[in-house]
Number of protein chains: 2
Amino acid sequence: MADTLTASALTLKDIARQAGVSLATVDRVLHNRPGVRPDTVRRVREAIERNAFQPHVAAAELARGRARRFAFVMPSGPNPFMQQIEAYLGEMSAWLAARRLGVETIATDVFDPSVLAASLTALADDYDGVAVVALDHPRVRAAIDDLVDAGTKVVTLVSDVPSSRRHHYVGIDNIAAGRTAGALVGRLAGGRSGKVAIVAGSQGLRDHAERIFGFNQVMAAEFPGLSVLPVLEGRDEDERSGQLLTRLLGRHVDIVGLYNVGAGTQGVAKALSDRASSDAGRDKVVFVGHDVTALTRRLLLQGVMDAAISQNPGHEARAAVRVLLALARGEPILREQEKIRIDIVMRDNLP
Amino acid sequence: MADTLTASALTLKDIARQAGVSLATVDRVLHNRPGVRPDTVRRVREAIERNAFQPHVAAAELARGRARRFAFVMPSGPNPFMQQIEAYLGEMSAWLAARRLGVETIATDVFDPSVLAASLTALADDYDGVAVVALDHPRVRAAIDDLVDAGTKVVTLVSDVPSSRRHHYVGIDNIAAGRTAGALVGRLAGGRSGKVAIVAGSQGLRDHAERIFGFNQVMAAEFPGLSVLPVLEGRDEDERSGQLLTRLLGRHVDIVGLYNVGAGTQGVAKALSDRASSDAGRDKVVFVGHDVTALTRRLLLQGVMDAAISQNPGHEARAAVRVLLALARGEPILREQEKIRIDIVMRDNLP
DNA sequence: CTCAAAATGAGTTGCGTACCTCAAAACACC
DNA sequence: GGTGTTTTGAGGTACGCAACTCATTTTGAG
């Protein structure tokens, strides 16, 4: 009736006794310090395995004395998503303080590879771990690899550099996010046929390109009645996005769906509502976008927007900290916990 | 350019010095032990506030010596959702062991108030915290309150007892979940009009009743073209659910949507596919259900099911442990982190 | 003013690990 | 067999706090 998990009350002393060595030797093995015969190492390792020994994390943390420092390297400039991440880090401050963790956010031009790479390189000696919103560029990759070689733990945040040796990526699969957006636009259009517009920041951004790729995949395969128009590049700016979309809506009377890949949501929404008021007879355009912000929340409630694909920024911030901490401590990572889900947010499940 | 969070390197000794008292007095104040004049308490508290002092959790944990024990009281019998929760607790075993946390799952007939209440009462002295899948019944509420009075931390899991004095509820808002299901059925039906069926375990279960309530709310308010049929009570059994639904589908040719509130998914899916093959000409019935299991995953991929409303069982298990731990330590709870979201899972964002 | 009770100071011990030193033992090599 | 090197043991200190004891001071009631 009762099923028990865990109970390791063993200490290093017990392991030492079982392996027939002294505490000092166990310590040497545990921290890969030199001066232990291979055979002895094996004996100690076996004793550890046999008892499923887990160092007491509290004792270890207390003994090392030195506080750990993590850096979050994020885009400068006003980006609501990044601001949310910063805000959630702030909410963790008591949690962080109780563990003597120092977290600093460092604003940088993440779109300039040289600047970003230089920022990263400068961190090597001062931080135990770095979370970075990374541009996928050879120079950035090299900087990340250098950090890893220096013993710093590195996590990519939101945007990955898969070819680097970063320890972990905290973010979503953007192709799957695009596919999800496609399925939503298609299904919510409810059998109508017509054209579908895409507004993106730039197709040069890896995450945007991947989302568009996934979106087109689904549209082509499953919604033959819908044809996708060429991508509008709004540079994540409200005005530009709005103007481009207004022009497009004027040229095509049969647009039934819209996928807004990045920011610029304000402009996109304006363009849509302008059209709606100029011609009240037409069916509403299905509008799917990304991220839950104050604006998208309002648009969802008003019914202007039909769904938002979201990656929970709070979860990302906390996951990044937890992963860095686990890496620094040599603890295993709870993969399932740290995996960022693709959330579909509609009016009734707004968080 | 760099924004720093946290850095409290103060210790109790510093607080004692600032307050002009000894370590012992600070300790008395911190742990609400008697024998300190109110005025002195105030001085100490002020020093703590002023410095935003946070006890070092590692040191505190180490010093108290005693390991903490938590109990998870869950339904006996084969319930895939509960099995998933248990599985995720198992995956945490290394994490738990490193913190000297003992977690035990206790199977009980949670549907019998007396049995459940007795199970709970028996736990008071042995556990520091209890997570319970609770039936909302006066006797259960009393048992929970007794536990709380005895100093045990109590968290309700999946199903809440709002009138009790439990410290926290880990689970979703089932009314909002039902609303979300309603919006999905309505929107995915794409303007068709007709009837909508509901299959539930029992309307006596609080969570099922709340979901149905939310579902009906949305249907009535927003989809006048859809009329909801009386609820079928399948008792979460495959066969019964399937039979009831088959009969209903036979009586009403114009059913366009189906909401499966609880389990019995296998039977529901069978009834749907039987109808589909017997009359290929008809439009597919929009099928929305709950939870991501091996079965619902397959149905989503096959297109039989259109969406699943899900509460991440892994998240619930971990959140329950974290909340109990924070409560036991007297740490603040990260509300945002522990809040369980209502996930909409469709084919392309399957986790 | 006296005496008991309350409040406080001073101190100790121990938690389990990291990190360090120094000496002793085991070993390899010539 | 002696040398130098590698490996190991023994032990200590420190980390910040919980929990405790005991002596001393302060307080309030009579």
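First the proteins, then the strands, lettered A, B, ... as listed; each starts at 1.
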Q | side chain to side chain contact (heavy atoms under 4.5 Å, CB included) between B/L23 and B/L12, intermediate numbers included | A | CA-CA 7 Å; B/L23 254 175; B/L12 280 183; 3.7 Å; yes
Q: Could you check B/V132 against B/L116 for side chain to side chain contact (heavy atoms under 4.5 Å, CB included), going step by step and ending with a plain yes or no?
A: CA-CA 9 Å; B/V132 54; B/L116 176 54; 4.1 Å; yes
(Q) I want to check something: taking the side chain as every heavy atom from C-beta on, are A/D14 and A/F53 in contact at a cut-off of under 4.5 Å? (A) no
**Q.** Note, B/F72 side chain near B/E86 side chain (heavy atom, < 4.5 Å)
**A.** no
Q) Does a salt bridge link B/R322 with B/E338, judged by any charged N lying under 4.0 Å from a carboxylate O? A) yes
Q.
Rounding to an integer number of Å, can you tell me how far A/N32 CG sits from C/dA18 P?
A. 12 Å
Q.
Tell me the interatomic distance from A/H56, atom NE2, to D/dG16, atom P, rounded to whole angstroms.
A. 17 Å
(Q) Can you see whether A/E316 engages A/Y88 through a side-chain donor-acceptor pair at a distance of less than 3.5 angstrom? (A) no
Q | B/D27 CG to C/dG9 C1', straight-line distance once rounded to whole Å | A | 13 Å
Q | Interatomic distance, B/L62 CG vs D/dG16 P [rounded to whole Å] | A | 12 Å
Q) How long is the line joining CZ of B/R100 and P of C/dG16, in whole Å? A) 8 Å
Q | Lys/Arg N to Asp/Glu carboxylate O, A/R329 vs A/E61, below 4.0 Å | A | yes
(Q) Counting only side-chain heavy atoms from C-beta out, which of D/dG16, D/dC17, C/dA18 sits nearest to A/R33? (A) C/dA18
Q: Grab the NZ-C1' distance between B/K13 and D/dC15 for me, whole Å please.
A: 10 Å
**Q.** Closest to the B/R64 side chain, choosing from D/dG16, C/dT17, D/dA18
**A.** D/dA18
Q.
Side-chain N or O of B/H31 versus OP1/OP2 of D/dA18: is the shortest distance under 4.0 Å?
A. yes
Q) At what angle, to 10 degrees, do the two end axes of the helix from C/dC1-D/dG30 to C/dC30-D/dG1 meet, given five pairs define each axis? A) 20°
Q: Please name all residues satisfying side-chain hydrogen bond (donor to acceptor under 3.5 Å, both in side chains) with A/S114, sequence neighbours left out, ordered by chain then number.
A: A/R139
(Q) If I take atom CG in residue A/D14 and atom C1' in nucleotide C/dC15, what distance separates them, rounded to the nearest angstrom? (A) 14 Å
Produce the list of close N/O pairs, under 3.5 Å, pairing protein atoms with atoms of nucleotides 5-13 of chain D; give distances to one decimal.
from, atom 1, to, atom 2, distance (Å)
D/dT7, O3', A/R37, NE, 3.2
D/dT7, O3', A/R37, NH2, 3.2
D/dT8, OP1, A/R37, NE, 3.4
D/dT8, OP1, A/R37, NH2, 3.1
D/dT8, OP1, A/T40, OG1, 2.3
D/dT8, OP2, A/R37, N, 2.7
D/dG9, OP2, A/S22, N, 2.9
D/dG9, OP2, A/S22, OG, 3.4
D/dG9, OP2, A/T25, OG1, 2.8
D/dG9, O6, A/R28, NH2, 3.0

**Q.** Atom-to-atom span, CG of B/L10 to P of D/dC15 - whole angstrom
**A.** 15 Å
**Q.** Residues A/E49, A/R45; criterion salt bridge (Lys or Arg N to Asp or Glu O under 4.0 Å); working and verdict
**A.** CA-CA 6 Å; A/E49 296 286 327; A/R45 290 249 158 82; over 6 Å; no
(Q) The side chain of B/A63 is closest to which nucleotide in this list: D/dA19, C/dG14, C/dA18? (A) C/dG14
